[in-house]
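First the structure, in the form of structure tokens, and then the observations on it.
Remember, it's a predicted structure, so these values are computed and weren't measured experimentally.
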Amino acid sequence: ENAQLCIVAFLPHILDCQSKCRNDFIQILKDEADKFKTQKWTWLWSEGVAQPKLESALGVGGFGHPAMAAMNTRKMKYALLKGSFSATGIHEFLRELSYGR
């Protein structure tokens with residue numbers, strides 16, 4: 001409610017990616033959350049296809065997982081990560097969001 005943005009990551013199913021792969025993705029998210037901790041953002045992740053209504057509403061999932069979206073509930077807008085789901089790709093996406101682009 002007080003968060004400016006909600007960052008949502010959809011990670012591959014554990015059987016598709018194995019635990020090390022998923023843990024690596026989660027660590028990237030934790031590292032980025034730490035870098036942007038001064039922002040009023042909330043963070044969450046879900047296993048891909050576990051939340052089909054949310055994925056459909058955000059338009060993710062059709063191009064595979066992992067995927068990421070940032071939602072601004074006050075403005076009723078969202079943005080999708082269209083680059084690489086890597087530390088660099090996510091950081092660039094979040095940096096652009098922090099500048100309001």
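- Put simply, the side chain of P66 does not reach to within 4.5 Å of the side chain of W45, judged on heavy atoms.
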Test side-chain hydrogen bond (donor to acceptor under 3.5 Å, both in side chains) on Q27 and D31 and set out the steps.
CA-CA 6 Å; Q27 189 59 52; D31 292 345; 2.8 Å; yes
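- Between the side chain of E55 and the backbone N or O of G48, no donor-acceptor pair lies under 3.5 Å.
- Annotation: the span from L5 atom CG to K75 atom NZ amounts to 8.5 Å, rounded to 0.5 Å.
- Taking NZ of K37 as the start and CH2 of W43 as the end, the distance is 13.0 Å to the nearest 0.5 Å.
- In this structure, OG in S84 is found 7.5 Å from CD1 in I90, a value given to the nearest 0.5 Å.
- When atom types are taken as modelled, the side chain of S56 and the backbone of K53 share no donor-acceptor pair closer than 3.5 angstrom.
- Cluster membership for V49 and M68, using ILVMFWY side-chain heavy atoms within less than 4.5 angstrom, is not shared.
- Residues L44 and C6 form a side-chain contact, since some pair of their non-hydrogen atoms from C-beta on lies under 4.5 Å apart.
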Would you please test R22 and E47 for side-chain contact (heavy atoms from CB on, under 4.5 Å) and show each step?
CA-CA 10 Å; R22 179 176 290 175; E47 183 175 88; 2.7 Å; yes
- request: Please assess L58 against F10 for the test side-chain contact (heavy atoms from CB on, under 4.5 Å), listing each intermediate value before the final yes or no.
  value: CA-CA 11 Å; L58 295 173; F10 299 94; 4.1 Å; yes
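- Here the straight-line distance linking atom CD of Q18 with atom CG of D16 works out to 8.5 Å at 0.5 Å rounding.
- Nearest heavy atom pair, residue V60 against residue A67, reads CB-CB, 4.2 Å.
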* **Derivation and outcome, side-chain contact (heavy atoms from CB on, under 4.5 Å), residues F85 and I28** => CA-CA 9 Å; F85 198 96; I28 290 171; 5.6 Å; no
Derivation of the side-chain contact (heavy atoms from CB on, under 4.5 Å) call for M71 and V8: CA-CA 8 Å; M71 301 181 296; V8 184; 3.6 Å; yes
| task | Assess whether salt bridge (Lys or Arg N to Asp or Glu O under 4.0 Å) is satisfied between D24 and K20, documenting all intermediate values. | result | CA-CA 6 Å; D24 290 346; K20 181 184 180 334; 2.9 Å; yes
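- L11 approaches F25 most closely through the heavy-atom pair CD2-CB, 3.8 Å.
- L97 has its side chain within reach of F93: a pair of non-hydrogen atoms, C-beta onward, lies under 4.5 Å apart.
- In this structure, F36 and H91 have tilted ring planes: the angle between them lies in the 30° to 60° band.
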